Amino acid sequence: MMTDPRRYDAAERLAMAQIAEWRVMRTFRPAHFEAVGFPTSINDLGEVKYMTSAMSDSRGSERVLREMRGLRDHDLLPLYSAIDLYIKYYTTFIDPKNIQIPYNILIYYYSLYKKLKNFPNHATILDIGSGVGCLPFFIHSDNSFQTYNQIEVTQSLYITQSTVNSFVFQDNQCEMSAIEVDMPDAPSPSDVLKQWALDDNIRLQIKKNFRCTLFPWWQIQMAFVRKYDIIMCNENICEMPDDAFLFFMKKISESLNPNGLLFVHGIGQTSGDRQKLIDDRLTTLSLIGYRAIVAETSFENNGSLSRPNLILAHSQHTDYDKLPKNLFARCFDRNDPLVQGIYGLTEPDGSIQDLSSLRAMLCQQLDQTYRPEA
């Protein structure tokens, strides 16, 4: 079932009425988005169309193509298939006549899909902060991704993801904002690493294992009931309030499979002293006990990626004792088969090196598919 703004807002009000400690609500609010004027709330499904433009980076695709060293012929079919599905989704839910294809966003999510697919274990994924929700356009037809769950704390993005999920996964997806949960009192933020009150007294049973389940902020605990191969924080670890960051990183370490991995793909936007915040976050990750398989930075800092990446193991991982404890040092071993696979380091350079060339090829195919017959 798709969630519209009215239904989401009603469910949120009900949840807020059951939470005795207002700091819990503050902890999981999208404070950074609110501070910079991002549209955190929408009033109508028609406003979903604004979300892709709000999240788009006009230069993002060029950076991604540089990181991928271009696209190869075998990249075109999955990209075209995802764009074709996006068009069908958009014309069904948003506007049947006018569409602007968000190439920057779709290329970004394609590169992310390729990385995830090359993790040795990727059958079960939890995506914390899944943005405009374009990853399902790529993974829906790939059965190696058995479970893809999402946490989203922003109303506008939750609703955007809901529309995508209901179109792509249809009856194989679940909207947790529609499920009522009993929520007892919550502790103060200083206790957030010990226990958050939603750990207990949840009267809920979901009998079906959905392929995709979307969790709002007031049902975050339910997302961590199961174990995952990959838990991903996509462009947001520096946007979280301190208490939320502590909560998530501790819960992640408890909810990964023995050889599961935390994948930090970009750190998000920051305000104030950027470097101090990054240092604080890395220190917290170290104290919790994460160790690095990958700790690589962006082009601007002489790195090889479009954005900082961390691939972190927890204490139950087979290789944990062999991994460096220092998360501040760069760690990107180009001879490591895991690193080679995830980042496509052994692939030849692609022939398509820029967005204009890619758009020309894709538009030619789209024109053949969608041009009305004379």
Side-chain angles (χ1 to χ4, degrees), residues 1-8 11 30 33 38-57 60 78-96 98-114 116-117 124-143 145-179 210-217 219 223 232 234-236 265:
M1 180 178 66
M2 184 177 65
T3 297
D4 61 25
R6 179 188 57 80
R7 185 180 293 116
Y8 179 97
F33 277 178
F38 182 86
T40 58
S41 180
I42 59 177
N43 298 310
D44 184 85
L45 277 177
E47 296 175 46
V48 165
K49 62 177 175 286
Y50 302 131
M51 302 314 298
T52 51
S53 61
M55 296 289 283
S56 182
D57 177 2
L79 251 178
Y80 175 79
S81 298
I83 291 171
D84 182 55
L85 187 62
Y86 179 87
I87 292 172
K88 291 181 171 66
Y89 149 75
Y90 195 94
T91 53
T92 299
F93 278 108
I94 313 300
D95 189 329
N98 300 297
I99 178 171
Q100 184 173 1
I101 300 171
Y103 286 101
N104 289 302
I105 290 175
L106 290 167
I107 291 169
Y108 168 83
Y109 278 103
Y110 176 61
S111 72
L112 185 56
Y113 161 72
K114 286 191 70 172
L116 291 169
K117 185 174 176 60
T124 54
I125 295 175
L126 175 62
D127 190 353
I128 299 174
S130 42
V132 289
C134 286
L135 197 54
F137 292 117
F138 295 97
I139 69 173
H140 84 286
S141 60
D142 189 336
N143 291 327
F145 294 89
Q146 297 173 13
T147 299
Y148 171 64
N149 290 347
Q150 304 160 303
I151 292 173
E152 183 52 62
V153 302
T154 304
Q155 184 251 38
S156 57
L157 291 175
Y158 184 101
I159 292 165
T160 302
Q161 292 159 24
S162 174
T163 63
V164 172
N165 294 343
S166 62
F167 180 79
V168 172
F169 297 113
Q170 299 182 30
D171 62 352
N172 204 4
Q173 54 88 31
C174 178
E175 297 290 343
M176 290 298 291
S177 66
I179 306 296
F210 293 93
R211 191 167 180 210
C212 179
T213 301
L214 176 59
F215 297 87
W217 66 265
Q219 300 230 24
M232 178 169 61
N234 190 8
E235 304 282 0
N236 57 23
H265 191 255

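What you see below is based on every heavy atom in this structure, not just the backbone, and it leaves out hydrogens, waters and symmetry mates. Being a predicted model, the structure only gives us computed values, none of them experimental. The first residue in the sequence is number 1, and the count goes up from there.
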Q | Heavy-atom side-chain proximity of V48 to F93 below 4.5 angstrom | A | no
Q | Side chain to side chain, I159 and M2, heavy atoms closer than 4.5 Å | A | no
Q.
Quick check against the 3.5 Å criterion: does S156 have a side-chain atom that pairs as donor or acceptor with the backbone of T40?
A. yes
Q: Find out whether C134 and L106 are in side-chain contact, i.e. whether some heavy atom of one side chain is under 4.5 Å from a heavy atom of the other.
A: yes
Q) Would you say the side chain of L112 lies within less than 4.5 Å of the side chain of M232, judging by non-hydrogen atoms? A) yes
Q: Go through Y86 and V164 one step at a time and tell me if the side-chain contact (heavy atoms from CB on, under 4.5 Å) criterion holds.
A: CA-CA 9 Å; Y86 179 87; V164 172; over 6 Å; no
Q) At what distance, to the nearest 0.5 angstrom, does CD1 of I99 lie from CD1 of I94? A) 9.5 Å
Q: I would like to know whether M51 and L157 meet side-chain contact (heavy atoms from CB on, under 4.5 Å); could you show each step before the answer?
A: CA-CA 7 Å; M51 302 314 298; L157 291 175; 3.8 Å; yes
Q | Closest contact, heavy atoms only, V132 versus Y109 | A | N-OH, 3.8 Å
Q. Which is it for V168 and L85 under the side-chain contact (heavy atoms from CB on, under 4.5 Å) test, yes or no, and what are the steps along the way?
A. CA-CA 8 Å; V168 172; L85 187 62; 4.1 Å; yes
**Q.** Result of checking W217, Y8, Y158 against S177 for side chain to side chain donor-acceptor pair (under 3.5 Å)
**A.** Y158
(Q) Please identify which of these residues, H140, Q173, Q150, E175, meets the side chain to side chain donor-acceptor pair (under 3.5 Å) condition with N165. (A) Q150
Q) Heavy-atom distance under 4.5 Å between the side chains of I83 and I101, does that happen here? A) yes
Q: Take F145 and Y148 through the ring-ring contact (aromatic ring centres under 6.0 Å, His included) test and state the conclusion after the steps.
A: CA-CA 7 Å; F145 294 89; Y148 171 64; 8.1 Å; no
**Q.** Side-chain heavy-atom pair E235, Y108 within 4.5 angstrom cut-off
**A.** yes
Q) For D127, does its backbone N or O pair with a side-chain atom of S130 as donor and acceptor, under 3.5 Å? A) no
Q: Could you tell me whether the side chains of Y90 and N98 share a donor-acceptor contact shorter than 3.5 Å?
A: no
Q) CD1 of I42 to OH of Y50: how many Å apart, nearest 0.5 Å? A) 10.5 Å
Q | pair Y113-L116: side-chain heavy atoms closer than 4.5 Å | A | no
Q) So how far is it from Q146 CD to I139 CD1, rounded to the nearest 0.5 Å? A) 11.5 Å
Q: Determine which pairs satisfy salt bridge (Lys or Arg N to Asp or Glu O under 4.0 Å) with at least one residue from residues 100-112, sequence neighbours left out, and list them in order.
A: none
Q. Given side chains that start at C-beta, do those of Y89 and T163 come closer than 4.5 Å, heavy atoms only?
A. yes
Q: Sort and list the pairs that fulfil salt bridge (Lys or Arg N to Asp or Glu O under 4.0 Å) and have at least one residue in residues 38-54, not counting sequence neighbours.
A: none
**Q.** Minimum heavy-atom distance M176-T213, with the two atoms named
**A.** CG-CG2, 3.4 Å
Q | side-chain contact (heavy atoms from CB on, under 4.5 Å) assessment of N172 paired with C212 | A | CA-CA 7 Å; N172 204 4; C212 179; over 6 Å; no
Q) Can you tell which of Y80, F137, F138 makes a ring pair (Phe, Tyr, Trp, His ring centres under 6.0 Å) with Y110? A) F138
Q: Could you note down all residue pairs passing salt bridge (Lys or Arg N to Asp or Glu O under 4.0 Å) where residues 81-92 supplies at least one of them, sequence neighbours left out?
A: D84-K88
Q: Can you measure from OG1 (T3) to CD (Q155) and round to the nearest 0.5 angstrom?
A: 10.5 Å
(Q) Taking I128's backbone N and O only, do any of them form a donor-acceptor pair with N236's side chain (distance below 3.5 Å, no angle check)? (A) yes
Q. How long is the gap from CG on L79 to OH on Y103, to the nearest 0.5 Å?
A. 10.0 Å
Q | Backbone N/O of L214 and side chain of Q161: donor-acceptor pair under 3.5 Å | A | no
